Amino acid sequence: MNDVLPEAGDAWDFLEGTVLRCLRQYGYRPIRMPLVERTDLFVRSIGEVTDIVEKEMYTFTDRLNGDSLTLRPEGTASCVRAVLEHNLLYAGPQRLYYLGPMFRHERPQKGRYRQFHQIGVEALGFTGPDIDAEVIVMCARMWRALGISDVALQINTLGDPDARARYRARLVAYLQRNLEALDEDSRRRLTTNPLRVLDSKNPAMQPLIEAAPKLIDDLDEPSLQHFEQVQGALRGANVSFEINPRLVRGLDYYNRTVFEWVTTKLGAQATVCAGGRYDGLVAQLGGKPAPACGFALGVERLLALLETEQTPVPSRVPDVYLVHQGEEAAAFAWIAAEQLREQELDVVMHCGGGSFKSQLRKADTSGARFAVVIGDDEAREKKVSLKPLREAAAQVLLDLREAAALVKRARP
Ligand code: ATP
Ligand code: MG
């Protein structure tokens, strides 16, 4: 679980701001859920035989009533619970997003933490393939807006539950023929949740997984058609993709379209964003059946990826650092600072006194492009001296409006 210090905080703000701007462009609206839910919500939705539920949840007992509670490992279950609890679907389909920390008890490594952050998107109540395509196209726009180029889209379809059952039988037969090649986890899953064998991260298992039968051969016609239409929409939007028949996702609730955005730049933690359709979940959690589609992006992994890109994250520096000396100057400095902020400038006002020289040193390290200097002379005239800090130019005496205009013009 990490602290995010101010130096990294600018990138976090940039990422969140850029992504949320995109989400709003597509009409998604914010929802916030608690960090803690009843344990059974996650067991029922994510699935008993998944990495998350088997070994990654932070679960504890409520001291008062003995309830089993869990720090949320992901947001979809909580979001659907909230939507059902507040009957949001009565008003029609919903496009929702949330962001915040998730908790999984994993072995920490680069790109894998025990408290990490997701921005999650859920589109509830939409049946057609257009919404699958919309959320994917929206991701592509986010990457462009962030300046991220090294991500590739992989898609697959899991079909309907019958198709999965047919496939499951074929897969189990195949795995049983190759029992000696299975690792311990996979042997256990063979009887509990064989599809998850395909999701194994064990390199030794990869050849076996490569050669496994493919779900696409068992697909039902409506799912195939749905998948074709998603692909058509992606082509129409100029979003390139690769079909990965082994993409099954780690959670049980998915059906039909699943997708991942992967990068080659982050080693083993290659997936920065993952999602798909989960038409059964709303009913499974007690609601009137409603289709759904969504994804979650890993903020830490996207930030790591952003760091590998050529374009630096715009770092936030104040427009001006305001220095002042003398009693009259101090009184006017307050007014001046507020008026400059009124003109949309970011103003850091020097606090704590000291000589002009030491204050100007602070102004310099603040990164501000200008110092606003106020002595008693300026205070009497109700003007400020504007001193460029990043170029060798003379300081000029201006009224506040002129100063603000000049600073704004000098913005990069
Ligand atoms: P992985 O296969 O890497 O364990 P997952 O399938 O468990 O990922 P999801 O539950 O789909 O991941 O979560 C969506 C995204 O959240 C992932 O693609 C990843 O970017 C991010 N993520 C998941 N777990 C972690 C973690 N422990 N630390 C940091 N980011 C994570
Ligand atoms: Mg995982």
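Order of appearance sets the numbers: ligands from 1, and atoms from 1 within every ligand. Predicted model only: the values in this text are computed from it and were never measured. Index from 1, following the sequence.
- Contact between M102 and ligand 1 is absent, with no heavy atom of the residue lying under 4.0 Å from the ligand.
- With a 4.0 Å cut-off on non-hydrogen atoms, D51 does not touch ligand 1 at all.
- Taking the six-membered ring where the residue is Trp, Y58 and H105 present tilted rings, their angle falling between 30° and 60°.
- Residue contacts with ligand 1 for Q118 involve side-chain atoms from C-beta outward but no N, CA, C or O (heavy atoms, distance under 4.0 Å).
- Taking a 4.0 Å cut-off on heavy atoms, E106 registers as neighbouring ligand 1.
- Annotation for ligand 1: atoms under 4.0 Å from non-hydrogen atoms of K201 are 2 (O).
- Counting heavy atoms closer than 4.0 Å to ligand 1, residue R114 contributes nothing at all.
- With atom 25 (C) of ligand 1 as the reference point, the heavy atom nearest to it among Y254, F116, W261 is part of F116.
- Between W143 and W261, the ring planes lie perpendicular to each other; the angle is over 60°, past the 30° to 60° tilted range.
- When only modelled atom types and interatomic distance are considered, R277 and T257 share no side-chain donor-acceptor pair under 3.5 Å.
- Checking side-chain atoms of K408 against main-chain N and O of Q343 turns up a donor-acceptor pair under 3.5 Å.
- The heavy-atom pair separating E122 from Y28 by the smallest distance is O-CE2, 4.3 Å.
- With no hydrogens or angles considered, a side-chain donor-acceptor pair links Q269 and R112 at under 3.5 Å.
- Distances below 4.0 Å separate heavy atoms of R104 from the following atoms of ligand 1: 5 (P), 7 (O), 9 (P), 10 (O), 12 (O), 13 (O), 23 (C), 24 (N).
- Under a 4.0 Å criterion applied to the non-hydrogen atoms of A274, ligand 1 contributes the atoms 11 (O).
- For the residue pair S68/D40, the side-chain donor-acceptor check at 3.5 Å is not satisfied.
- Each of the atoms 14 (C), 15 (C) of ligand 1 lies under 4.0 Å from some heavy atom of A296.
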